[in-house]
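One structure is given here, and the rest of the page talks about it.
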There are 2 protein chains.
Amino acid sequence: MRISELSRTTGVSIASIKYYIREGVLAPGEVDGPNRSTYGDAHAARLRLVRGLVEGAGVSIAGVKRITAALDGGMPLNDAFGVAQAAVPLAGATTSEEPSEEAVERILAVVEGIGRFHPAIPIAARALDTFAVVGEPLSEKWLARYAEAAAIVARADFDELEERSDPAAQARIAAVGTALGDVVFQSLRRIAHATEGERRFPSPPASPSSDQETSS
Amino acid sequence: MRISELSRTTGVSIASIKYYIREGVLAPGEVDGPNRSTYGDAHAARLRLVRGLVEGAGVSIAGVKRITAALDGGMPLNDAFGVAQAAVPLAGATTSEEPSEEAVERILAVVEGIGRFHPAIPIAARALDTFAVVGEPLSEKWLARYAEAAAIVARADFDELEERSDPAAQARIAAVGTALGDVVFQSLRRIAHATEGERRFPSPPASPSSDQETSS
DNA sequence: GCTATCCGATAGCTACGCTATCCACGTGCG
DNA sequence: CGCACGTGGATAGCGTAGCTATCGGATAGC
């Protein structure tokens with residue numbers, strides 16, 4: 001198919017497709033002549049992946065490029081998630097400020113094994129510091145339950161990965177799952193907040209609009 | 001204190017402080033004269049909160065403004081998290097594309113009560129759609145475990161909130177916790193991925209650098 | 001031939017989060 | 001008294017990110 005058809009079937013503008021090709025997140029079409037290129041289903045699939053990561057998970061184009069490069073190059077099984085993690089920076093990774101020793105210790109207290117050397121440790125520690133700086137330090141119990149929940153989803157992620165036998169499929173699940181799993185969890189957490197809030201502090205039964213947006 | 005001292009004690013440049021005042025996330029100093037204003041500890045605390053949300057959780061200035069407005073105005077207890085949620089948009093909230101019916105049903109199957117009308121539902125559903133579009137749809141078991149983990153952290157969040165008796169402290173915990181809790185969880189999830197990956201696919205014992213960055 | 005479309009490159013645009021400059025004023029030190 | 005310095009307030013600019021619009025040249029199909 002031609003670029004106009006690719007644009008039509010995916011809903012992505014031609015200009016954007018060209019942009020993605022320029023940025024290296026989408027392979028150029030097969031060149032048939034000086035001004036003639038053909039695109040296949042693989043291009044459409046990749047395009048959907050790119051849009052899903054960018055729109056659905058807020059991954060930057062540079063991050064998408066790293067993910068797709070890893071997908072195309074194949075990744076080692078024991079580090080499938082590690083590669084994806086390196087490609088998708090955490091929200092709090094922009095600062096270079098050092099976390100407090102105490103916060104790092106608190107994080108280390110709830111993780112084990114190889115996790116103790118993970119680059120995400122200082123990010124989590126800085127987040128704890130911010131809670132303290134705002135005047136609302138969090139209890140150990142809170143942190144422990146977060147760690148427990150994180151272990152549950154990590155096991156779920158790996159179980160899902162192990163259901164695939166094809167290494168390429170495993171790589172896809174790891175890459176996409178790292179980015180989109182965050183979004184799914186955040187959404188479910190917010191929904192659970194609403195549910196739990198209603199359970200603990202029931203709203204007056206009169207008007208059933210207890211959310212920030214009077215939903216339909 | 002004056003603006004220069006405020007800048008020095010918080011590490012935020014004077015220009016940025018002025019910018020925050022302009023944007024309404026920081027109250028102006030008390031005006032003593034035409035070119036003389038005094039800032040207090042409250043300004044320093046607010047400034048640290050702003051930096052924590054912006055740097056630590058990637059919240060936009062507009063989002064911080066909504067959060068601080070809610071903090072200053074007081075929020076209803078049964079919706080403390082709701083207000084914070086509205087102020088901190090999810091990563092995948094930029095698109096307006098409609099999720100598939102099927103994905104919405106799958107989400108609804110794992111949430112209960114008031115959560116069924118939550119604005120985060122379509123976001124989670126779109127994320128599921130993206131997994132499918134990439135060719136790696138996720139199992140019900142995976143989603144159920146995510147929901148279970150989300151319920152655990154939601155309960156932890158509310159327990160933490162209920163430990164405070166001061167409504168202002170509860171509002172702070174809800175607002176900051178919504179944004180920074182995401183960061184803490186994402187970090188712990190990534191750490192857990194490393195731990196779980198090592199458990200399931202042990203790396204060769206020779207070189208202990210099994211992470212994407214040869215850590216120290 | 002003529003028109004429509006294509007490819008490729010380049011320049012521009014919008015939003016965001018600052019950052020730098022300018023100005024007039026008033027404090028405070030000598 | 002005099003004058004440099006810091007201040008508040010306003011405005012303009014900057015750097016990055018993610019597109020988007022336009023241009024030039026070429027060719028396919030009628």
Side-chain angles (χ1 to χ4, degrees), chain A residues 1-40 43 47 50-68 87-89 91-96, chain B residues 1-40 43 47 50-68 87-89 91-96:
Chain A
M1 74 181 100
R2 286 195 266 281
I3 199 172
S4 59
E5 192 181 348
L6 182 63
S7 168
R8 240 174 296 119
T9 58
T10 58
V12 181
S13 76
I14 291 179
S16 291
I17 293 174
K18 287 182 178 181
Y19 169 67
Y20 291 146
I21 293 173
R22 261 199 320 278
E23 293 298 314
V25 299
L26 183 68
E30 192 168 349
V31 179
D32 304 331
N35 62 343
R36 196 119 260 232
S37 295
T38 309
Y39 302 86
H43 288 92
L47 205 40
V50 171
R51 298 299 292 185
L53 289 173
V54 170
E55 286 205 332
V59 179
S60 71
I61 297 296
V64 173
K65 185 172 180 178
R66 285 190 291 268
I67 291 179
T68 53
V88 184
T94 50
T95 175
S96 57
Chain B
M1 73 181 99
R2 287 195 253 280
I3 199 171
S4 59
E5 191 181 348
L6 182 64
S7 169
R8 238 174 297 120
T9 59
T10 58
V12 181
S13 76
I14 291 178
S16 291
I17 293 174
K18 287 182 178 181
Y19 169 67
Y20 292 146
I21 293 173
R22 260 198 323 277
E23 293 298 314
V25 299
L26 184 67
E30 191 169 350
V31 178
D32 304 331
N35 63 342
R36 198 121 260 244
S37 295
T38 308
Y39 303 86
H43 288 91
L47 205 41
V50 171
R51 298 299 290 186
L53 289 172
V54 170
E55 287 206 331
V59 179
S60 71
I61 297 297
V64 173
K65 185 171 182 177
R66 285 190 291 269
I67 291 179
T68 53
V88 184
T94 50
T95 175
S96 57

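Chain letters run A, B, ... following the sequence lines, proteins first, then strands; residues in each count from 1.
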Seminar exercise, completed: The reported gap from CD in A:Glu5 to NE2 in A:His43 (rounded to nearest 0.5 angstrom) is 13.0 Å
Exercise. With a 4.5 Å heavy-atom cut-off, do B:Tyr19 and B:Ile14 have their side chains touching?
Worked result: no
Exercise. D:dA21 C1' sits how many Å from A:Ile14 CD1, rounded?
Worked result: 13 Å
Problem set entry | Nearest atoms (heavy-atom pairs only) where A:Val54 meets A:Val64 | CG2-CG2, 3.8 Å
Provide a list of protein-nucleic acid N or O atom pairs under 3.5 angstrom, restricted to nucleotides 2-6 of chain D.
residue, atom, partner, partner atom, Å
D:dG6, N2, B:Asn35, ND2, 2.9

Problem set entry | Residue-level proximity of residues 18-28 of chain A to DNA chain D when a heavy atom falls under 4.0 Å | A:Tyr19, A:Tyr20, A:Arg22
For this session: Please identify each residue that fulfils salt bridge (Lys or Arg N to Asp or Glu O under 4.0 Å) with A:Arg51, with sequence neighbours left out.
Result: A:Glu55
Seminar exercise, completed: Nearest heavy-atom contact between B:Leu47 and B:Val12 is CG-CG2, 4.1 Å
Problem set entry | Separation of D:dA21 C1' from A:Ile17 CD1 (nearest whole Å) | 16 Å
Exercise. Between atom CG in A:Leu47 and atom C1' in D:dC19, what is the gap in whole Å?
Worked result: 14 Å
Problem set entry | Stepwise side-chain contact (heavy atoms from CB on, under 4.5 Å) test for B:Ser37 and B:Ile3 | CA-CA 8 Å; B:Ser37 295; B:Ile3 199 171; over 6 Å; no
Name each donor-acceptor pair under 3.5 Å that joins a side chain in residues 22-33 of chain B to protein atoms two or more places apart or in another chain, with its distance.
residue, atom, partner, partner atom, Å
B:Asp32, OD2, B:Thr38, OG1, 2.4

Seminar exercise, completed: Residues at least two apart in sequence or cross-chain that pass side chain to side chain donor-acceptor pair (under 3.5 Å) with A:Ser16, listed by chain then number, are A:Ser13
Problem set entry | Complementary nucleotide of D:dC30, counting Watson-Crick and G-U pairs under 3.5 Å | C:dG1
For this session: Determine whether A:Ile61 and A:Lys65 make a side-chain contact, defined as any pair of heavy atoms from C-beta on separated by less than 4.5 Å.
Result: no
Exercise. Minimum heavy-atom separation for B:Leu6 to B:Thr9, with atom names?
Worked result: O-OG1, 3.2 Å
For this session: Compare side-chain N and O positions of B:Tyr39 against OP1 and OP2 of D:dT7 and report whether any pair is under 4.0 Å apart.
Result: no
For this session: Check every nucleotide of DNA chain C for an atom under 4.0 Å from a heavy-atom of chain B, then give the first and the last such nucleotide from 5' to 3'.
Result: C:dG17 to C:dG28
Exercise. How do B:Gly33 and B:Ile61 order along DNA chain C: which one's closest nucleotide is nearer the 5' end?
Worked result: B:Ile61
Exercise. Looking at side-chain heavy atoms only, is the closest gap between B:Arg36 and B:Arg2 below 4.5 Å?
Worked result: yes
